[in-house]
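Everything below concerns the one structure shown next.
Whatever order the structure lists them in is the order used to number ligands and atoms, beginning at 1.
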Amino acid sequence: MRSYSLIAPAKINLYLEIIGDSPSGGYHELAMVLQSIDLADRIDLRPIGTETIRVRCDDSQVPADKNNLAYRAADLLARQFPTAFARYGGVEIVIHKHIPVAAGLAGGSADAAAVLVGMDLMWQLGLTQSELQELGAQLGSDIPFCIAGGTALATGRGEQLSPLPDLDNLYVVLAKYRNLSISTAWAYQTYRQQFSSFYCAPDDVECRRQRVHSGQMVAAIAHKDAAKIGQLLHNDLEKVALPVYPQVLQLREVFQSLGVVGTMMSGSGPTVFALTESLAEAEQVKEQVKSAIASPDLDLWVAKFSNTGIRIASD
Ligand code: C5P
């Protein structure tokens, strides 16, 4: 049985609107527009011959045990397909981390998505993309999108996907303070504490009709209108994160002052991104932020919008 190396791209949220409580208890019903970018982890999967799952990662912030989503993805497949597990044996998962951890960029979900795609190949399970996405949804709301990638409207708790037209030639500058991380569960719980009185009731169609605005973003994407996409960036979780994390607000303000197409916190943060229409402009904005905020703790990346989800590494 052969080894596989996979590329697992990060995502940003161009749009994140919280509609109400989800019928799947503890979650929220969302309307999101998700976008893959070419900042990616690399996942190596190696057969190890015994019925064991092992995780190694070059980043000490990433747990190497059952708390790792990539571990849980392998464990889920081992439980769902015990015959394949017994026949082919276990797997060593080596994660080469490039996506920052707990950053709102779905790094852990991307790794788990890569494990599902790679183990399907290793164990010759022949699962379809939607079967892999159903398995992924059992582990985390962002995993189905990470498998497919590209640009998509995500509804439900984020696992129901409608592909949108590819957005080529848009670039993103990402900024994150190294020692700052925000728990996704904290962000959503805090949002519920502060805003649940505005939630739409489960079957209130009129409330959804009045409140859900993702349609304008979808139209801007269909027209490939970068300026409009920039104007329509939206993330409800900023309402809870910005007051508590002034560093996030500051990054947003600095990006804004540089005249970028648009800027927003991604997902539950704390990464802030800015959109540009060229690589040269993205590199220039990155340098300008570096000069404006002289903190050794600030990490910056430039990435391009990507049309792909999990793929096999070409080298
Ligand atoms: O699905 P995932 O494990 O990524 O979600 C992490 C946490 O974020 C959940 O436990 C929940 O508190 C919150 N969440 C939510 N509604 C969603 C997705 C996540 O409330 N649609």
Side-chain angles (χ1 to χ4, degrees), residues 8-36 41 61-63 65-76 95 99-116 132-149 152-162 181-202 207-208 211-214 234-241 244-245 265-271 309-310:
K11 64 90 185 143
I12 56 170
N13 297 73
L14 300 177
Y15 196 90
L16 191 163
E17 184 171 7
I18 298 175
I19 298 167
D21 281 314
S22 155
S24 18
Y27 283 85
H28 285 91
E29 182 190 341
L30 308 173
M32 297 192 286
V33 175
L34 302 170
Q35 174 64 52
S36 300
D41 289 344
Q61 273 182 283
V62 176
D65 58 13
K66 293 180 184 182
N67 293 313
N68 189 307
L69 261 186
Y71 179 100
R72 297 223 293 272
D75 184 54
L76 177 65
I95 303 171
I99 307 172
V101 178
L105 299 172
S109 299
D111 299 345
V115 168
L116 293 174
L132 288 168
Q133 287 175 318
E134 269 172 43
L135 288 167
Q138 294 178 34
L139 300 167
S141 313
D142 285 336
I143 297 177
F145 172 75
C146 290
I147 291 173
L153 176 69
T155 54
R157 61 182 178 90
E159 86 290 13
Q160 291 167 28
L161 300 171
S162 308
S181 57
I182 299 182
S183 144
T184 305
W186 171 85
Y188 279 105
Q189 269 160 28
T190 309
Y191 192 91
R192 179 177 281 118
Q193 280 160 16
Q194 294 180 9
F195 299 104
S196 61
S197 56
F198 301 105
Y199 285 7
C200 289
C207 178
R208 281 167 182 69
R211 287 258 305 278
V212 180
H213 300 300
S214 53
H234 177 84
N235 184 351
D236 273 337
L237 292 176
E238 283 197 336
K239 292 179 198 156
V240 293
V244 179
Y245 296 100
M265 181 179 84
S266 183
S268 54
T271 304
I310 304 301

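- Contact residues for ligand 1 (protein heavy atom closer than 4.0 angstrom to any ligand atom): Gly26, Tyr27, His28, Leu30, Gly140, Ser141, Arg157, Thr184, Ala185, Tyr188.
- The aromatic rings of Tyr199 and Tyr191 sit parallel, their planes meeting at an angle under 30°, below the 60° perpendicular limit.
- A salt bridge is absent between Asp75 and Arg72: the closest approach of a Lys/Arg side-chain nitrogen to an acidic carboxylate oxygen does not fall below 4.0 angstrom.
- You'll find the side chain of Asp21 stays beyond 4.5 Å of the side chain of Pro202, heavy atoms only.
- With ring centers used as reference points, His213 lies 6.0 Å or more from Tyr15.
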Could you go through Val212 and Glu29, starting from their C-alpha distance and side-chain angles, then the distance that decides it, and tell me whether this counts as side chain to side chain contact (heavy atoms under 4.5 Å, CB included)? CA-CA 11 Å; Val212 180; Glu29 182 190 341; over 6 Å; no
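- For the pair Asp41 (side chain) and Ala8 (backbone), a donor-acceptor distance under 3.5 Å is absent.
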